[in-house]
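Keep in mind that what you see is a predicted model, and the values were worked out from it rather than measured.
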Amino acid sequence: MSRSRHLGKIRKRLEDVKSQWVRPARADFSDNESARLATDALLDGGPEAYCRALSQEGEVDFLSSVEAQYIQAQAREPPCPPEPLGGAEPGPKALDSSSLQSGTYFPVASEGSEPALLHSWASAEKPYLKEKSSATVYFQTDKHNNIRDLVRRCITRTNQVLVILMDVFTDVEIFCDILEAANKRGVFVCVLLDQGGVKLFQEMCDKVQISDSHLKNISIRSVEGEVYCAKSGRKFAGQIREKFIISDWRFVLSGSYR
């Protein structure tokens with residue numbers, strides 16, 4: 001009697017949902033070990049190792065070409081073991097955007113501590129606690145409410161605190177609105193960028209000659225998505241794709257503008 005071939009979790013479910021004779025199964029939210037092994041193989045050995053793992057596990061190709069390329073491009077080696085005592089001291093290491101840890105302040109080589117302005121937000125008045133909440137939805141097809149103009153209006157009407165999360169920030173005019181709010185109106189500003197978008201933001205600042213002296217009321221930090229780590233120690237971080245603005249703890253603007 002021949003032994004039935006092993007089926008990965010996704011392949012098994014696909015075969016079940018495509019068959020009209022199989023009864024619906026209870027939803028399974030447990031980890032997919034076959035997918036983990038295939039992802040580890042992609043990180044450690046590249047596309048060929050990934051395909052071999054899929055074949056061995058009886059699993060479908062669950063990554064798009066863009067996702068597979070991203071994983072390989074973002075793969076990081078495991079940390080090197082510490083140097084033995086008494087060895088030669090390593091020379092100074094240059095700082096670049098790829099070596100930054102999540103939460104790094106701007107500029108990259110900043111040695112300052114966390115700005116005090118972050119601690120003052122907790123004591124600010126919170127009128128939003130006494131007001132009714134409401135939501136307004138705008139669509140790109142609404143010519144009278146352009147998304148970019150809505151973003152700029154939100155920034156210009158902020159008087160106390162402004163929080164902005166963007167994956168990629170290269171709009172010089174909106175950056176001018178932020179600088180004006182911080183330097184002219186004394187607004188406390190916190191900008192959160194995806195780790196992968198820090199380099200583009202730095203390029204924008206260099207082009208328009210913005211230095212740390214222009215950012216006295218602004219905290220610019222980098223964040224990254226969840227980190228996947230293979231058993232070998234190689235790992236990659238996901239991307240932050242959310243985009244939103246919080247104005248004075250009262251208004252939230254969220255949408256697709258980048």
Side-chain angles (χ1 to χ4, degrees), residues 1-84 90 93 95-104 108 165-169 192-201 221-244 254-256 258:
M1 183 177 179
S2 62
R3 185 180 179 183
S4 59
R5 65 190 180 95
H6 173 72
L7 295 181
K9 181 181 290 188
I10 303 175
R11 184 184 294 276
K12 175 66 167 60
R13 190 168 186 219
L14 282 172
E15 293 191 2
D16 288 348
V17 297
K18 287 189 290 186
S19 173
Q20 60 178 327
W21 307 111
V22 178
R23 297 182 61 182
R26 180 178 296 180
D28 182 4
F29 298 105
S30 61
D31 292 337
N32 188 337
E33 182 66 11
S34 297
R36 187 193 66 78
L37 291 172
T39 305
D40 283 9
L42 178 62
L43 267 174
D44 296 334
E48 292 183 0
Y50 172 68
C51 292
R52 285 197 301 270
L54 291 176
S55 178
Q56 293 169 1
E57 293 297 315
E59 190 57 278
V60 297
D61 185 353
F62 55 89
L63 294 175
S64 70
S65 58
V66 173
E67 290 169 334
Q69 291 169 8
Y70 175 84
I71 290 174
Q72 295 176 84
Q74 299 297 320
R76 289 179 283 179
E77 297 292 337
C80 298
E83 293 290 333
K93 185 178 180 181
L95 289 175
D96 56 22
S97 60
S98 62
S99 65
L100 293 178
Q101 297 297 317
S102 178
T104 302
V108 174
L165 172 65
M166 293 186 73
D167 54 349
V168 177
F169 190 172
L192 301 176
L193 301 171
D194 178 74
Q195 184 70 35
V198 171
K199 184 177 180 180
L200 294 175
F201 182 83
R221 308 177 72 175
S222 63
V223 292
E224 61 182 12
E226 187 174 352
V227 176
Y228 178 93
C229 186
K231 286 187 176 181
S232 65
R234 288 173 65 86
K235 57 186 178 180
F236 71 93
Q239 292 177 295
I240 301 295
R241 288 295 183 93
E242 292 84 356
K243 291 170 278 289
F244 63 78
S254 177
S256 60
R258 179 184 297 168

* Decide, yes or no, whether a salt bridge links K12 with E15 under the criterion of side-chain N to carboxylate O below 4.0 Å. => no
* Asked: What heavy-atom pair brings A237 and G225 nearest, and what distance separates the two atoms?
  -> CB-O, 4.1 Å
* Please round to the nearest 0.5 Å and tell me the distance separating atom CG of L7 and atom CG of L14. => 10.5 Å
* Is a side-chain donor or acceptor of K9 paired with a backbone partner of D31 at a separation under 3.5 angstrom? -> yes
* R13, CZ: over 12 other non-hydrogen atoms inside 6.0 angstrom -> no
* Would you say D40 and K231 make side-chain contact, with heavy atoms under 4.5 Å? -> yes
* Asked: Can S34 and E59 be counted as having a side-chain donor-acceptor contact under 3.5 angstrom?
  -> no
* To do: Of all the heavy-atom pairs spanning S232 and P78, show the shortest one and how long it is.
  => O-CG, 3.9 Å
* Heavy atoms, side chains only, cut-off 4.5 Å: are S254 and K243 in contact? -> no
* Which pair of heavy atoms, one from P47 and one from Q72, lies closest together, and at what distance? -> CD-OE1, 3.2 Å
* Asked: With side chains defined as the heavy atoms from C-beta onward, is the minimum distance between E242 and I240 less than 4.5 Å?
  -> yes
* Non-neighbouring partners of E226 that pass salt bridge (Lys or Arg N to Asp or Glu O under 4.0 Å), sequence neighbours left out -> none
* Decide yes or no for L37 and E57: does some side-chain heavy atom of the first lie under 4.5 Å from some side-chain heavy atom of the second? => yes
* Measure across L63 and Y50 and return the closest heavy-atom pair with its distance rounded to 0.1 Å. => N-OH, 3.5 Å
* Any chance you could measure E224, atom CD, to D194, atom CG, to the nearest 0.5 Å? => 8.5 Å
* To do: Would you indicate whether the side-chain heavy atoms of I71 and Y228 approach each other to under 4.5 Å?
  => no
* Asked: In terms of the angle between their ring planes, are F201 and F169 parallel, tilted or perpendicular, with boundaries placed at 30° and 60°?
  -> tilted
* **Exercise: identify the closest heavy-atom pair between F62 and E67** => O-OE1, 4.1 Å
* Structure fact -> Taking every heavy atom of F236 against every heavy atom of R76, the minimum-distance pair comes out as C-NH2, 4.4 Å
* Test item: T39 side-chain N/O and A35 main-chain N/O as donor-acceptor pair under 3.5 Å -> yes
